[in-house]
There are 2 protein chains.
Amino acid sequence: MQLSCINFIDMIRRKTKKVETLINLFEQKNEALSVVDLTNRLSTQMNKTTVYRILDRLEQSGVVHSFNDSNGLRWYAKCNGCSATKHTDTHPHFQCTDCGTIECLSMEIPVPSISNRQINSVEIMLKGTCERCIS
Amino acid sequence: MQLSCINFIDMIRRKTKKVETLINLFEQKNEALSVVDLTNRLSTQMNKTTVYRILDRLEQSGVVHSFNDSNGLRWYAKCNGCSATKHTDTHPHFQCTDCGTIECLSMEIPVPSISNRQINSVEIMLKGTCERCIS
DNA sequence: AAAATTAATGCAACTTAGTTGCATTTACAA
DNA sequence: TTGTAAATGCAACTAAGTTGCATTAATTTT
Ligand SMILES: [Mn+2]
Ligand SMILES: [Mn+2]
Ligand SMILES: [Zn+2]
Ligand SMILES: [Zn+2]
């Protein structure tokens, strides 16, 4: 956990305090974080533009990857084994329609190829009710 | 083609000229249409608010379904065998990162269930280069 | 250590997709 | 024809995300 965090910092240009703050949030749980949530939670510590830019840098470094949910909001989740040059972690996500939480799933979902088309990435979002909201 | 179009109109409350215009656009190709594109193309024929509202009604009627692409734009595509009460057509989509076009795919991609979670829908987006842009 | 360079940040203004309220018009039924 | 409910237009609004530019902080060079 702590080790991978250090690896993360190695990938980006400057390991500032604010960058560390962002990375630590992603280390805590195996959940994605929405930018709206992050800018709110960090509003006293840094400007929202800074949040956007740090997330952008983290993505380019292969630390996190981004996607949009069906409400049009942008989310980020930590990558597993990606780098600045190789973004290969395309795990599926699960969003609870009750609480909005997005979990990162470790399952592999095989996708068939399509003739005459080049598939570069696959985004899979399962939607339903999460463990907490189901009971 | 023409028959299914008539079925479509039966599902919604009033078959106005503008509603027919929208439905006809979806009948033409097996491609999804972005709301931004639609409001632009129809800007001389109807207000953008009307476009949004008609699409909303068409979705509630089971004529089309909506989703968001990774650029945060909302898209609509025609449903296959859905109704106001049963939205079961969850076909995957393919978006070309060159031209932006989104195709509806007829393939079935099996998704495993997750313990302690209720999966209600699955959204799958393949990204890459389409037939036209690949050559 | 001081100066020079480069990256990171804050702030305000901006862009734009999508929504809302309300007045008006159109469609349909009584 | 009259009454009622749905559909539409228009303007104002909301909010996520972006951009430009001045300032600050970190790193490198001398
Ligand atoms: Mn990744
Ligand atoms: Mn459907
Ligand atoms: Zn939940
Ligand atoms: Zn293309």
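To find a chain, count down the sequence lines: A is the first, B the second, and so on, and within it residues start at 1. Not measured: the values here are computed from a predicted model.
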Between B/Lys18 and B/Gln45 (side chain of the first, backbone of the second, donor and acceptor by atom type, cut-off under 3.5 Å), is there such a pair?
yes
On DNA chain D, which is the earliest and which the latest nucleotide, 5' to 3', with an atom closer than 4.0 Å to a heavy atom of chain B?
D/dA5 to D/dA11
Between C1' of C/dA17 and CG of B/Asn68, the distance in whole Å
10 Å
Using atom types as modelled and distance alone, determine if a side-chain donor or acceptor of B/Thr97 lies under 3.5 Å from a backbone N or O of B/Gly128.
yes
Spacing of B/Asn40 atom CG relative to C/dA17 atom P, expressed in whole Å:
8 Å
Spell out, as yes or no, whether a donor-acceptor pair under 3.5 Å connects the side chain of A/Asp69 to the backbone of A/Asn71.
yes
Distance in angstrom units between A/Tyr52 OH and C/dC14 C1', rounded:
14 Å
NZ of B/Lys15 versus P of C/dC28: gap in Å, rounded?
8 Å
For the pair made of CG in B/Asn47 and P in C/dG18, what is the distance, rounded to whole Å?
15 Å
Residue mapping more 5' on DNA chain C - nearest nucleotide basis, B/Thr16 or A/Gln45:
A/Gln45
Please tell me which of A/Val51 and B/Trp75 maps to the more 5' nucleotide of DNA chain C, matching each residue to the nucleotide holding its nearest heavy atom.
A/Val51
Between C/dA8 (P) and A/Leu58 (CG): distance, integer Å:
11 Å
Does a side-chain N-to-carboxylate-O contact under 4.0 Å join B/Lys127 and A/Glu123?
yes
Report the distance from atom CG of B/Asn71 to atom C1' of C/dG18, rounded to the nearest whole Å.
16 Å
Using a cut-off of less than 4.0 Å, is there contact between a side-chain N or O of B/Arg14 and OP1 or OP2 of C/dT26?
no
Can you check the B/Leu55 CG to C/dA17 P distance for me, whole Å?
15 Å
Within the 4.0 Å heavy-atom criterion, would you say A/Arg53 contacts the bases, only the backbone, or no part of the nucleic acid?
base
Please verify the inter-ring angle class for B/His91 with B/His65; under 30° counts as parallel, over 60° as perpendicular, anything in between as tilted.
perpendicular
Does the plane of the ring in A/Phe26 sit parallel, tilted or perpendicular to the ring in A/Tyr76? Use 30° and 60° as the thresholds.
perpendicular
Upstream residue (5' side of DNA chain D) when A/Arg74 and B/Met46 are each assigned their closest nucleotide:
B/Met46
Give a yes or no answer on whether the side chain of B/Asn80 reaches the backbone of B/Asp89 with a donor-acceptor pair at less than 3.5 Å.
no
Assign A/Lys48 to base, sugar-phosphate, or nothing according to its heavy-atom contacts below 4.0 angstrom with the strands shown.
base
Is the distance from OP1 or OP2 of C/dT19 to the nearest side-chain N or O of B/Thr49 less than 4.0 Å?
no
